[in-house]
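If you're wondering where the values come from, they're calculated on a predicted model, not measured in any experiment. Hydrogens, waters and symmetry mates play no part in the numbers below; they use all other heavy atoms, side chains included.
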Amino acid sequence: MNEIRKLDLAWLGLVVLSVVGAALGGSPDTGFGVTVLVALVMGIKVRIVCDRFLELPTARRGIRLAMHGFCYGMPILVILTSAFGDMLARLTGALI
């Protein structure tokens with residue numbers, strides 16, 4: 001498969017994941033499972049963008065590590081914020 005075809009498939013995947021994320025976000029169910037699914041979709045989308053459009057595999061090791069931290073850190077932070085949001089609000093309120 002040539003490189004243009006891979007980029008087209010990556011773009012199509014991003015569009016499909018965006019529609020799935022919008023459907024999940026617009027659903028009336030606001031449970032923890034929805035948060036985990038939204039974070040999973042977000043992580044997959046960020047990884048596709050980093051690998052296909054930012055050419056992360058060809059970047060220097062330090063840049064790759066920082067971007068991988070971002071790719072995996074943001075969805076984890078979304079899940080942790082959803083799980084411990086009230087406690088985090090009290091902590092940050094006490095710090096300010």
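- Under a hydrophobic-cluster definition in which Ile, Leu, Val, Met, Phe, Trp and Tyr are linked whenever side-chain heavy atoms come within less than 4.5 Å, directly or via other members, Val49 and Trp11 are assigned to the same cluster.
- Side chain of Arg52 to backbone of Ala10: no donor-acceptor contact under 3.5 angstrom is found.
- Ile76 is connected to Phe84 through a chain of hydrophobic side-chain contacts under 4.5 Å among Ile, Leu, Val, Met, Phe, Trp and Tyr, so both are in one cluster.
- Residues satisfying the side-chain contact (heavy atoms from CB on, under 4.5 Å) test with Leu65, not counting sequence neighbours, are Arg61.
- Clustering ILVMFWY residues whenever any of their side-chain heavy atoms sit less than 4.5 angstrom apart, transitively, puts Leu54 in the very cluster that holds Val15.
- Linking Ile, Leu, Val, Met, Phe, Trp and Tyr residues whenever their side-chain heavy atoms come within less than 4.5 Å places Val20 and Leu14 in a single cluster.
- By the rule that hydrophobic residues join a cluster once side-chain heavy atoms approach within less than 4.5 Å of another member, Val36 and Ile44 end up as members of separate clusters.
- Residues Leu7 and Phe53 have side chains in contact (heavy-atom distance under 4.5 Å, counting atoms from C-beta outward).
- Environment of CG in Asp86: sparse, with no more than 12 heavy atoms of neighbouring residues, nucleotides or ligands closer than 6.0 Å.
- Distance check: Met87 CE to Thr92 OG1 gives 11.0 Å after rounding to the nearest 0.5 Å.
- The distance from the SG atom of Cys50 to the NE2 atom of His68 is 7.5 Å, given to the nearest 0.5 Å.
- Residues satisfying the salt bridge (Lys or Arg N to Asp or Glu O under 4.0 Å) test with Asp51, not counting sequence neighbours, are Arg47.
- Here the shortest heavy-atom pairing between Pro75 and Ala39 reads CB-O, 3.4 Å.
- Using a 4.5 Å cut-off on side-chain heavy atoms (C-beta onward), Arg64 and Met67 make no contact.
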Item to check | Ile48 and Leu17: CA distance, side-chain angles, deciding distance, side chain to side chain contact (heavy atoms under 4.5 Å, CB included) verdict | outcome: CA-CA 11 Å; Ile48 289 171; Leu17 287 169; 4.0 Å; yes
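- Residues Tyr72 and Val46 form no side-chain contact, since every pair of their non-hydrogen atoms from C-beta on lies 4.5 Å or further apart.
- Residues in residues 73-85 take part in these side chain to side chain donor-acceptor pair (under 3.5 Å) pairs, two or more places apart or across chains: Thr35-Ser82.
- For the atom pair OG1 (Thr58) and CD1 (Ile63), the distance works out to 9.5 Å, reported to the nearest 0.5 Å.
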